[in-house]
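Take a look at the structure below.
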Amino acid sequence: MQAFDVIAVGLGTVDFLVRVPPGASQGGKTAVREIAIEGGGPAATAAAVTGMLGYSTAWVGRVGRDDLAELMRLQLRRHGISDAHLVEDPKSRTPSAVIEVEAATAERTVFYSVEGYRPPMAADLPVEALRRARVVVVDAYAPELAEPALEIAKSSGVPTVFDYEGTDTTIARRLIRLASHTILPCESARALTGRPTEVEMLAELARWTDGQVVITDGARGCWAWTGGERIHAQPAFPVASIDTTGCGDAFHGAYAVGLLEEWPLAQRLEFAAWVAARVACRLGGRAGIPDRHGLAAADLSLLSPALRANLEAL
């Protein structure tokens, strides 16, 4: 059995994206400059980051035998993600989304469908592969799958990057307790804790787990709990945003790279914020993800000297 650097567990989609020009009216026909088809989904897009940067990566998801499943497989291959642990189910449909991005504002409207999709079950998890991975990335789309995946990794001492978006406190407490690194959007953190500030939100969430907790909030940046009522703040990188689809998912994958490379917290957050900013500059959640060649050619001048040195070493 192949040992993977990263195994991602959770949702994958096929996204159809269009940049809608100013003045477009409903009911007519409008010529557009950009239409894209990209792989999407929290866990699968996080896996695309580690796969494109050269780490052996597999995704645990379910695919059917519809036409979209072939697109899904094509995207996996393109982004360096192994299908060794895909679950084939002819009765399952492939999740998809149609995303309208306003060209003038970069605001998104997402129309998605998981109708007919059958998520993997706990019995589908590749237990030995999870135990041998260096990092496991898990999203919370299906808690009944996320919980055993986090438990397997925790019992084996494998670090986990857990992507939680939701407001169910009972489920969140149970899952965050199992994760070694939880990353969640500010909106969810506020709803779960009832606290108004990032410091208070992080302090409350830190009581739920002995792991690391990170809150993200798009252009406002991100914050991580460092203990003793202290936080580390990482500003977002200023960019001319085209589309924010997948920025958070790419953040999680880049954070996982920092764990693989054993970078300190500050560098993990800086790299994750930088990758998320690159993703925002392209249409679709994966087009802006760098590979190793892209890293070598990228302008790293805005990064800290420590992170620049580490990226140059890659």
Side-chain angles (χ1 to χ4, degrees), residues 8-13 15 38-49 59-61 95-97 99 107-114 117 119-120 136-150 153 160-196 198 201-202 204-206 208-209 211-225 234 236 243-256 268-269 272-273 275-276 279-280 284-286:
V9 179
L11 183 65
T13 67
D15 294 345
E38 280 280 3
T45 297
V49 176
W59 172 58
V60 179
S96 59
I99 303 172
E107 288 293 325
R108 299 174 302 151
T109 303
V110 181
F111 304 91
Y112 69 93
S113 175
V114 291
Y117 172 61
V136 172
V137 178
V138 181
D139 72 38
Y141 171 75
E144 63 277 10
L145 179 69
E147 187 166 11
L150 291 169
T160 50
V161 178
F162 177 47
D163 171 10
Y164 185 80
E165 289 189 53
T167 57
D168 188 315
T169 304
T170 301
I171 292 175
R173 281 181 176 271
R174 194 167 69 239
L175 297 179
I176 290 172
R177 176 182 61 82
L178 294 170
S180 53
H181 300 264
T182 297
I183 302 172
L184 69 168
C186 189
E187 182 180 356
S188 291
R190 184 173 289 113
L192 290 171
T193 65
R195 305 301 171 85
E198 288 79 20
M201 285 185 265
L202 285 168
E204 175 61 25
L205 291 168
W208 301 6
T209 177
Q212 179 67 61
V213 182
V214 177
I215 293 174
T216 63
D217 196 18
R220 293 183 62 230
C222 62
W223 303 265
W225 181 249
Q234 169 62 51
D243 173 25
T244 58
T245 301
C247 290
D249 307 330
F251 184 103
H252 304 140
Y255 187 96
R268 296 197 299 267
L269 295 175
V275 171
V279 168
R286 300 186 190 174

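What you see is a predicted model, and the numbers here were worked out from it, not measured in a lab. Only this structure's heavy atoms are used, side chains among them; waters, hydrogens and symmetry mates stay out.
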TODO: Can you sort out the partners of T169 under side chain to side chain contact (heavy atoms under 4.5 Å, CB included), two or more places apart, ordered by chain and number?
DONE: R173, L192, W208

- [ ] Mind checking the CG-CG spacing from D15 to D243? Nearest 0.5 Å is all I need.
- [x] 9.5 Å

- [ ] Please check if atom CD in E144 has more than 12 non-hydrogen atoms from other residues, nucleotides or ligands closer than 6.0 Å.
- [x] yes

TODO: Look at the side chain of R286 and the backbone N and O of G39, then say whether any donor-acceptor pair between them is shorter than 3.5 Å.
DONE: yes

Open item on the list: Is any side-chain heavy atom of C186 closer than 4.5 Å to one of M201?
Closed with: yes

- [ ] Would you mind reporting whether H181 and V214 have side-chain heavy atoms less than 4.5 Å apart?
- [x] no

Open item on the list: Checking S180 against T160: is there a side-chain donor and acceptor pair closer than 3.5 Å?
Closed with: yes

Open item on the list: Out of the candidates L184, D249, V137, I183, only one should pair with D163 under the side chain to side chain contact (heavy atoms under 4.5 Å, CB included) rule; please name it.
Closed with: D249

- [ ] Apply side-chain contact (heavy atoms from CB on, under 4.5 Å) to L205 and T182, showing your working.
- [x] CA-CA 10 Å; L205 291 168; T182 297; over 6 Å; no

Task: Which atom of P95 lies closest to which atom of L11, heavy atoms considered - done: CG-CD1, 3.9 Å

- [ ] Report yes if some heavy atom in the side chain of L269 is under 4.5 Å from a heavy atom in the side chain of Y255; otherwise report no.
- [x] yes

Open item on the list: For a 4.5 angstrom cut-off between non-hydrogen side-chain atoms, does V161 reach V138?
Closed with: no

- [ ] Compare all side-chain heavy atoms of D217 with those of W223 and state whether any distance is below 4.5 angstrom.
- [x] yes

Open item on the list: To check you understand the geometry: which heavy-atom pair defines the closest contact between A97 and V110, and what is its length?
Closed with: CB-CG1, 4.3 Å

Open item on the list: What I'd like to find out is whether the side chain of P143 reaches to under 4.5 Å of the side chain of I171, using heavy atoms alone.
Closed with: yes

TODO: Give me the ring orientation class for Y164 and F162: parallel if the planes are under 30° apart, tilted from 30 to 60°, perpendicular past 60°.
DONE: tilted

